[in-house]
S.K.: 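Here it is, the structure, as structure tokens.
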There are 2 protein chains.
Amino acid sequence: MASRNDTNAKAAPATKRLPRTTLSGQIAEQIRAAILDGTYALGAQLNEMELASTFGVSRGPVREALQRLIQEGLLRSEPHRGVFVPELAPTDLIDIYFVRRSLELVAMRRILETPERAEVVRDLAGIVRQMKAAVRRKDWPQVADLDMQFHRRIVDEAGSERLTRSFATLQAETRLCLQMLMGGYRENAALIDEHQLLVDLIERGALEPALAELERHFGDPVRTLQKANASRKEKLGAEAA
Amino acid sequence: MASRNDTNAKAAPATKRLPRTTLSGQIAEQIRAAILDGTYALGAQLNEMELASTFGVSRGPVREALQRLIQEGLLRSEPHRGVFVPELAPTDLIDIYFVRRSLELVAMRRILETPERAEVVRDLAGIVRQMKAAVRRKDWPQVADLDMQFHRRIVDEAGSERLTRSFATLQAETRLCLQMLMGGYRENAALIDEHQLLVDLIERGALEPALAELERHFGDPVRTLQKANASRKEKLGAEAA
DNA sequence: TATCGTAGGATTGTCAACAATTATGCGGGT
DNA sequence: ACCCGCATAATTGTTGACAATCCTACGATA
């Protein structure tokens, strides 16, 4: 990872392409990707100096990037100790999905209130199509990514800047949580059908059925986790301090 | 403002009281309070060096504090230019209230689903009582603060860490927006009655009426703003880029 | 006189070093 | 053998200085 820079060659061409970019922002993006990729394990400490040398920069930008991720909920800071990848419990996933469901339901309601839905429906259908292909290739990371895109597209369509912002952090936490608790993305056979059904309901303007289906769609991951949790609850009892 | 430190006397007693505190955090709190107090006007730029000398620290902690506030939505950063107090439009207030309403409705629904509500009801009633006294004293800043406490108490009672976190930023933005658009808090005579009614409905466990009243409660500020907006809409047409 | 190019000043972004705090390992005492 | 206190080591928090970038104002030219 982080092969973009050499030891101290800071004049990378990528930096020039978009002048309105900050080094901190790039670092934040890279670290975020690394966290979500599972590069840093649960509870691991992120050494500032180490990260700095890894990215070929000083500790300043790294520090700012870390703080940004802390505010996003992807890292936890203990003053004078360090920043750690949070150890998310099953209750955290449930909490995350509780808020996510709320936000998406609101977005869905707003979408079905507007008469112009052709564009969203087209985009969502395209995502589902790609998803179908990815499932056929058994490219699960891609499926997970498309799942993210699908739900984000719905929330974005609501046209609320704050809703989008809140949802973005929730979605990042979701990904982290799934990574931590289930070791990646689950192979859910019903996933395609559920998304396709949602698209159809949106197209037809069926408000209540769409909301109900969305709720059902969210109830499933929680139940899946609870099943997965049952097989490793012995490990969780050790850290009830 | 910021008379806590002298020129370079960093060993303030307040710093020692809570060892698990970061200088950046304190700075962030101070700057946030200053923003919400209206110390920094709409669109004003916050000079890092100036803030640093004001607080008697270096630019590092100031920078981190600013970035924290940026992520909270209370400041806007333009790379290589500076950080500014965002110029919020009426549409922003509407957007903020849209998300706030959604979150509070979710919290309310969850509260009314739990059988143990005595503690919340007691706390909320206490806040309303203080509010009544503050209104009698015409202490509007205090009324605004109690209003904030009231709604935050409701959201906190839902017991969702993410809901609380998201709501906190929304509430800060709300305060900023009201400060910017209406020059502070409005003197709403019906405010006390509305809150009291909400408390009663929560106590009685009346789900649907409580949700309806909460919606009504949120519809009002938006309408108030739209009225206030009517008197200055000529200024808003200039920046439709 | 208006406009374009350029020099100046100011502010942010970044860096390397210093200081404070915390955790760990060792030695002595009970 | 176990526990307490102290010194050491590592990491974060903070600082001041350097470099890149952007805005502004001035002057030359058409």
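Naming: A, B, ... by sequence-line order, numbering from 1 per chain.
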S.K.: B:Glu78 CD to D:dC22 C1': how many Å, rounded?
M.R.: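 In whole Å, D:dC22 C1' lies 11 Å from B:Glu78 CD.
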S.K.: Output the rounded distance in Å from CD1 (A:Ile27) to P (C:dC15).
M.R.: 9 Å
S.K.: Below the 4.0 Å mark, does D:dT12 have OP1 or OP2 next to a side-chain nitrogen or oxygen of A:Asn47?
M.R.: yes
S.K.: With a 4.0 Å cut-off, would you call A:Arg165 and B:Glu173 a salt bridge?
M.R.: yes
S.K.: A:His80 has a side chain; which of C:dT11, C:dT21, C:dT14 sits nearest to it?
M.R.: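 Closest nucleotide to the A:His80 side chain: C:dT21.
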S.K.: Using a cut-off of 4.0 Å on non-hydrogen atoms, how would the nucleic acid contact of A:Gly82 be classed: base, sugar-phosphate, or nothing?
M.R.: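 It contacts sugar-phosphate atoms only.
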S.K.: Check this for me: does any side-chain nitrogen of one of A:Glu87 and A:Arg76 sit under 4.0 Å from a carboxylate oxygen of the other?
M.R.: no
S.K.: Which residue, B:His151, B:Gln149, B:Glu157, forms the side chain to side chain donor-acceptor pair (under 3.5 Å) with B:Arg153?
M.R.: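 The passing option is B:Glu157.
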S.K.: What nucleic acid atoms does B:Leu46 come within less than 4.0 Å of, heavy atoms only: base, sugar-phosphate, or nothing?
M.R.: sugar-phosphate
S.K.: Which one, D:dG13, C:dT14, C:dG13, comes nearest to the side chain of A:Ser24?
M.R.: C:dT14
S.K.: Starting at CZ of B:Phe55 and ending at P of D:dT14, how long is that distance when rounded to a whole Å?
M.R.: 14 Å
S.K.: Once you round to the nearest 0.5 Å, how far does CG of A:Leu74 lie from CG of A:Leu66?
M.R.: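 Result: 11.5 Å between the selected atoms.
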S.K.: Nearest to the side chain of B:Ser58, heavy atoms from C-beta on, is which of C:dT14, D:dT12, D:dT15?
M.R.: D:dT15
S.K.: A:Arg63 side chain: which of D:dG13, D:dT11, C:dT12 is closest?
M.R.: D:dG13
S.K.: When you measure from the side chain of A:Leu23, which nucleotide among C:dT22, C:dT14, C:dT11 comes out closest?
M.R.: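 The answer is C:dT14, which lies nearest to the side chain.
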S.K.: Between the base of C:dG13 and the side chain of B:Arg59, is there any donor-acceptor pair under 3.5 Å?
M.R.: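 Side chain to base: pair present.
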